[in-house]
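To start, the structure under review is shown below, and the notes come after it.
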Amino acid sequence: MKIATWNVNSLRARADRVEAFLERHDIDVLAIQETKCRDENFPWELFERAGYEVVHNGTSQWNGVAIASRVGLSDVQRGFPGQPHFGKGGVDPQEESRAIGATVGAEAADGVAPVRLWSLYVPNGRGLENEHMGYKLEWLRVLQEHAAARLAEDPDTRLALTGDWNIAPQDEDVWDIELFQREGYTHVSPPERAAFRAFEDAGLVDVVRPRHPGPGVYTYWDYTGLAFPKKKGMRIDFQLCSPALARTVTDAWIDREERKGKGASDHAPVVVELG
DNA sequence: ATGGTCGCACGGCGA
């Protein structure tokens, strides 16, 4: 079973690319971030045509997460328990469309057991002193508690937290760490990295890094300033797997080719294969 | 080349 996660930066703008990606790599399950649409604008027919069930959490033109599967899709959760809300200046806090969970793989033809999968779009943080940063850290804290509790109640759980984490956990995960530290950039700050490490401390495993160690291995390149050809990228998209699931991973990789050419998302898909 | 990159509510904001 092949599971991919991909921040598509608008599903409608990327519809042809998404369809071609699913076919090219024979993807069974796709966790999508930044659909950038509400349900009424969601391209349902794309997935129907391609033979996938799909579920979506999209409440505005921002954010939006989805899971598409051709091997079963059940027990959908829109948002995780206690997911923090955000309102500018604390006014009218809303739950943003940044998380959707579902069980996939119950109908896997290869006999692979079901997986509890989350498609996550972690808040950006925007600046070290910005109110979005506190929101980001709290959002991650509650998500980590949820994942750790699931692992504690069932150490054999097959859980995957996938998506755009908006954190570069290691110095080698950005093209110039000295620049990032000098300028006080987000994504590399100690509190953000501690928030990410807490997931690893709970037992979740980045199954891609051991197979594709850095430096220079990225999942995101800014649209501006020719960042992609200049190799100025960041590794911020991850598939974190519970120990029981990580043990069954047979391959994992980043589809850097997908970042090439006209009409690419600024993120590359991250693919994991389970045996 | 006085810009520079995309996406979304068409235009200022988010990344």
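In the text below, chain A, chain B and the rest are named by the order of the sequence lines, each starting its count at 1. Just so we're clear, the structure is a prediction, and the values are computed from it rather than from any experiment.
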Could you list the donor-acceptor pairs under 3.5 angstrom formed between side-chain atoms of residues 158-166 of chain A and any protein atom two or more places apart in sequence or on another chain?
{"residue": "A:Arg158", "atom": "NE", "partner": "A:Pro114", "partner atom": "O", "Å": "2.9"}
{"residue": "A:Arg158", "atom": "NH2", "partner": "A:Ala113", "partner atom": "O", "Å": "2.9"}
{"residue": "A:Thr162", "atom": "OG1", "partner": "A:Thr5", "partner atom": "OG1", "Å": "3.4"}
{"residue": "A:Thr162", "atom": "OG1", "partner": "A:Trp118", "partner atom": "O", "Å": "2.9"}
{"residue": "A:Asp164", "atom": "OD1", "partner": "A:Asn166", "partner atom": "N", "Å": "3.0"}
{"residue": "A:Asp164", "atom": "OD2", "partner": "A:Asn7", "partner atom": "ND2", "Å": "3.0"}
{"residue": "A:Trp165", "atom": "NE1", "partner": "A:Phe238", "partner atom": "O", "Å": "3.4"}
{"residue": "A:Asn166", "atom": "OD1", "partner": "A:His187", "partner atom": "NE2", "Å": "2.9"}
{"residue": "A:Asn166", "atom": "ND2", "partner": "A:Val122", "partner atom": "O", "Å": "2.9"}

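A:Lys136 and A:Asn124 share no side-chain donor-acceptor pair at under 3.5 Å. A donor-acceptor contact closer than 3.5 angstrom links the side chains of A:Gln33 and A:Ser119.
Within the 4.0 Å cut-off from OP1 or OP2 of B:dG7, at least one side-chain nitrogen or oxygen of A:Arg14 is found.
Rounded to an integer number of Å, the gap from A:Arg98 CZ to B:dA15 P is 7 Å. Here the P atom of nucleotide B:dT5 and the CG atom of A:Asp266 are 13 Å apart, to the nearest Å. If you measure from atom NZ of A:Lys36 to atom P of B:dA15, you get 9 Å, rounded to the nearest angstrom. Between the CG atom of A:Asp164 and the C1' atom of B:dG14 there is a distance of 13 Å, given to the nearest Å. Put simply, CG on A:Asn7 is 13 Å from P on B:dG7, counting in whole angstrom units.
Sorted by residue number, the members of residues 215-229 of chain A with any non-hydrogen atom under 4.0 Å from DNA chain B read A:Tyr223, A:Thr224. Applying a 4.0 Å cut-off to non-hydrogen atoms, none of the residues of residues 37-50 of chain A approaches DNA chain B. Scanning residues 121-134 of chain A for heavy-atom distances under 4.0 Å to DNA chain B yields A:Tyr121, A:Asn124, A:Arg126.
Between A:Asp28 and A:Lys2 there is no salt bridge, since none of the side-chain N atoms of the basic residue sits less than 4.0 Å from a carboxylate O of the acidic one. Between A:Glu138 and A:Arg141 there is a salt bridge, since at least one side-chain N of the basic residue sits less than 4.0 Å from a carboxylate O of the acidic one.
Nucleotides of DNA chain B nearest to A:Ala264 and A:Glu34 differ in position, and the one nearer the 5' end is that of A:Ala264. Map A:Lys88 and A:Ala13 each onto its nearest nucleotide of DNA chain B; the residue landing nearer the 5' end is A:Ala13.
Judged as a side chain to side chain contact (heavy atoms under 4.5 Å, CB included), and not counting sequence neighbours, the contacts of A:Ala102 are A:Ile67, A:Leu73, A:Val76. For the salt bridge (charged side-chain N to carboxylate O under 4.0 Å, His left out) test, no residue two or more places apart in sequence or in another chain qualifies with A:Arg14.
The closest donor-acceptor contact from the side chain of A:Ser69 to the backbone of A:Val29 lies at 3.5 Å or more, if one exists at all.
In plain terms, the two heavy atoms of A:His56 and A:Cys37 that are nearest each other are CE1-O, 3.2 Å. Here the closest non-hydrogen pair linking A:Arg247 and A:Asp156 is NH2-OD1, 4.5 Å.
Aromatic pair A:Trp139/A:Phe80: centroids less than 6.0 angstrom apart.
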